[in-house]
Every structure is written in C-alpha cells, then in structure tokens.
Amino acid sequence: FNGSLIKWDEAKLHVLNHGLHYGSCVFEGIRIYDEKIFKLDEHIERLFKSAQILDLKIPYNPNEIIIQTKNVVKTQGVRDGYIRPVVWRGSEMMAISAQEASTNIAIACWEWPSYFSPEKLMQGIKLSVSKWARPSPSSAPTDSKAAGLYMICTLSKHEAEKKGFDDALMLDYRGFVAEATGANIFFVKEGELFTPTADCFLNGITRQTVIEIAKENNLIVNEGHFKPEFLSNCDECFLTGTAVEITPIQSID
C-alpha cells in the first residue's frame, strides 16, 4: 500500500477519495500458477498505460511495481491465486478537477482457484445477451482497464444471473459482438478461430496469448466484426481472460 506492506484489515483509505466518487481508478488482474506469475511485465505495462490515459501519475516506476508485486506474492505465500494492483486518485481535492490530488497504489493477492466452479467448466457456461452495449472509443477510454467501465459489466452480469445464466455477452455500440462482462470471446467454425476486433474493449493479454498459441499450431485466426447472427452456425465458443482463464461456453440465450 503506497510502498509499505500492511495487514489486510489495516488497508484503509478516505471515503472522499476521487476514485470512489468520480471513477479515477485503474486496476489489473494477474494470475499465479504454481508460484509463477503469468505475464507480469505485460500486466504492469498495461497498468501504467491505463493510468496515463486517466491522467494518473503513479509515483513509482514499472520495475519497482514488478518487484513489489513479487514481494507481496512471496510474503503471502500464495501458490495458485490472483493479484489485484489498483491505482486511484486521492482525497485531497473533492471536485471534478483534482489535478493536485495524490495518486495511490495498492497490490493485494489471494488464493483463487477458478472463476467458475469445476462443474460449470466441464458443462460449459451459459450466456445471455446484455441490453448494455460497450461504448464508443470517442465516449469512454475503452483502451484502459478503468474501474468505471465495469459498471455496465456488473449490471449485465447481475441481470444474467437473475435470469439463470452464468454471464452475459455484450455487444458494442454498433451492434457487433464485443465480449463477455470481464473476458474476451472466441468462436470456432470449420476448424478456424474467430474473435471480435478489440477496437472498443481491451485486447486481453490472455486473448493475445491464445492467438499466439493458435498461430504457432497453424490454426487460422480471424479477427473482425461479427453480428449476433454469425453465432448461429458456429461449432464452439469460449471465453479468455485472466480471471476466467479459458472457459467453454455451452449456449448463448
């Protein structure tokens, strides 16, 4: 927490912090497998990029954050789990403009096996199409992992769960398939992979890894814009992301 290791229940911040009131907050999600941190450098690089987009000036350099992240994992003794670095604007100025406010950073980690239960993973999850759409890059900083962008994801997932689904599929502002509430999506058709172009949502690090592995194995990967009708004759479908890892989908609506 701002350069010092502190106990979980002592991690306190002021209720008037700018991140809470105005969404000036960015974060990352990083997996730990068998004490090895997956793509740590890439995640921290993206954290700094997101912070820059939201005009947050992290008071450490990327290498310092990488070292502190490894230190937190080692201190916690987490073998298989999840890391959450989070950066937010402080409470010195409570107004829309808060350029003189501090930028804070905390890094937590905990044991976390899988996002969905083993039974769900074996069966494949069920998605419902959300009424909320991913916004245009001209109306939101869609290339950042900003906390505020996830509000519609929470609303979409809550709505889906209330209807008996596991997650929601989100379309973008043009009506094209975008992603799930916290994960990218892939489709399989006639032995080829298809995935939406990441032009108004994050080009996930796990997404990039899957594309890289697919190409190494001579699989054809098609990135493009797909209307919901495209799904009607796909053979398979799965999600990718730090939290969901690779999760098969049984059905969409």
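Positions are given from 1 along the sequence.
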Check your understanding: What pair of heavy atoms forms the shortest contact from Phe226 to Pro196, and how long is it?
Key -> CE1-N, 3.9 Å

Review point. Using a distance-only test with no angle check, is there a side-chain donor-acceptor pair under 3.5 angstrom linking Tyr150 and Lys145?
Key: yes

Check your understanding: Under a 4.5 Å cut-off applied to non-hydrogen side-chain atoms, are Phe38 and Thr206 in contact?
Key -> yes

Point to revise | Glu10, CD atom: more than 12 neighbouring heavy atoms under 6.0 Å | key: yes

Review point. Using 4.0 Å as the upper bound for N to carboxylate O, is an ion pair formed by Asp199 and Arg174?
Key: yes

Point to revise | Non-hydrogen side-chain atoms of Thr240 and Thr195 separated by less than 4.5 Å | key: no

**Study point:** Ionic contact status for Glu28 with Arg84, cut-off 4.0 Å
**Key:** no

Practice item. Could you tell me whether a side-chain N or O of Asn217 sits under 3.5 Å from a main-chain N or O of Leu219, the two making a donor and an acceptor? Key: no

Practice item. Measure the shortest side-chain to side-chain distance between Glu192 and Val188 over non-hydrogen atoms and say whether it is less than 4.5 angstrom. Key: no

Practice item. Determine whether the side chains of Thr103 and Lys57 contain a donor N or O and an acceptor N or O closer than 3.5 Å. Key: no

Check your understanding: Going by an N to O cut-off under 4.0 Å, is there a salt bridge joining Glu161 and Lys157?
Key -> yes

**Study point:** ring pair (Phe, Tyr, Trp, His ring centres under 6.0 Å) between Phe194 and Phe230, intermediate numbers included
**Key:** CA-CA 10 Å; Phe194 295 80; Phe230 173 82; 5.3 Å; yes

Check your understanding: Going by atom types alone, do Ser50 and Ser144 pair a side-chain donor with an acceptor below 3.5 Å?
Key -> no

**Study point:** Neighbour count >12 (heavy atoms, 6.0 Å) for atom NZ, Lys7
**Key:** no

Practice item. Please check if the distance between the ring centroids of Tyr173 and Trp132 is under 6.0 Å. Key: no

Review point. How are the rings of Trp110 and Trp8 set relative to one another: parallel (under 30°), tilted (30 to 60°) or perpendicular (over 60°)?
Key: perpendicular

Check your understanding: Between the main-chain N or O of Thr242 and the side-chain N or O of Arg31, is there a donor-acceptor pair closer than 3.5 Å?
Key -> yes

Point to revise | Salt-bridge present (Lys70, Glu35; N to O < 4.0 Å) | key: no

Review point. Between Ser24 and Leu56, which heavy-atom pair has the shortest distance, and what is it?
Key: O-CD1, 4.0 Å

Point to revise | Flag, side chain of Asn2 to backbone of Asn104, donor-acceptor distance under 3.5 Å | key: no

**Study point:** Between Ser102 and Glu92, a side-chain donor and acceptor under 3.5 Å
**Key:** yes

